[in-house]
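Here the structure is laid out as C-alpha cells; the discussion comes afterwards.
In this text, all values refer to a predicted model and were calculated from it rather than measured experimentally. Hydrogens, waters and symmetry mates are skipped; everything else that's a heavy atom, side chains included, is used.
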Amino acid sequence: MAQSEYTRWEYETRRPPRGETQKESVDPKAELNELAAEGWRFVDTIEYTGGGTKFLVFERPARSSDDGGDDSP
C-alpha cells in the first residue's frame, strides 16, 4: 500500500473544565462544539492513576499543504 493511501492524523488535548473547587466538572458542551466546528473529534480520555480525567483527547485528519494547512507535526 502506498503511503499516500494512509490517513495522517493530528491530535489535540484539553483539560476538562472544572468548577471553583477544581473537583466538580463543568459542562464542556460549548467547548466541545467549538472544537467540532474546527474538525476535531473526541476520541479518548487520559486518566490519573486512581481515577479522574486529566486530559480529553481529540483527533482530526492532518491538513496538508494542498488544503491550506501546515504539514509540519
Side-chain angles (χ1 to χ4, degrees):
M1 207 179 255
Q3 181 158 346
S4 63
E5 295 179 32
Y6 293 102
T7 301
R8 291 184 45 186
W9 298 93
E10 62 180 331
Y11 294 88
E12 176 71 29
T13 58
R14 298 285 172 99
R15 291 189 180 273
R18 302 282 184 206
E20 291 180 23
T21 66
Q22 298 298 309
K23 291 190 179 190
E24 76 271 4
S25 181
V26 175
D27 187 353
K29 184 176 10 179
E31 185 174 2
L32 293 174
N33 283 329
E34 288 174 20
L35 288 166
E38 296 172 10
W40 294 103
R41 177 178 74 152
F42 173 74
V43 293
D44 204 354
T45 60
I46 298 172
E47 298 182 358
Y48 288 105
T49 304
T53 300
K54 185 172 184 178
F55 291 103
L56 305 174
V57 181
F58 300 85
E59 71 179 6
R60 70 179 175 189
R63 297 178 180 188
S64 69
S65 56
D66 294 341
D67 60 13
D70 184 357
D71 203 22
S72 62

Please answer: with hydrophobic residues joined when any side-chain heavy atoms are less than 4.5 Å apart, are [X] and [Y] in the same cluster?
X	Y	value
Val57	Trp9	yes
Phe42	Phe55	no
Val43	Ile46	yes

Counting C-beta onward and ignoring hydrogens, is there a side-chain heavy-atom pair between Arg15 and Lys54 closer than 4.5 Å?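 Yes, side chains in contact.
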
Can you tell if the side chain of Arg60 reaches within under 4.5 Å of the side chain of Arg41, non-hydrogen atoms only?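 Not in contact.
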
Give me the atom names and distance for the closest heavy-atom approach of Arg63 to Glu38.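 Nearest heavy atoms, Arg63 then Glu38: NH2-O, 3.3 Å.
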
So, for Glu10 and Trp40, which heavy atoms are closest and what is the spacing to 0.1 Å?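 Taking every non-hydrogen atom into account, O-CZ3, 3.4 Å.
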
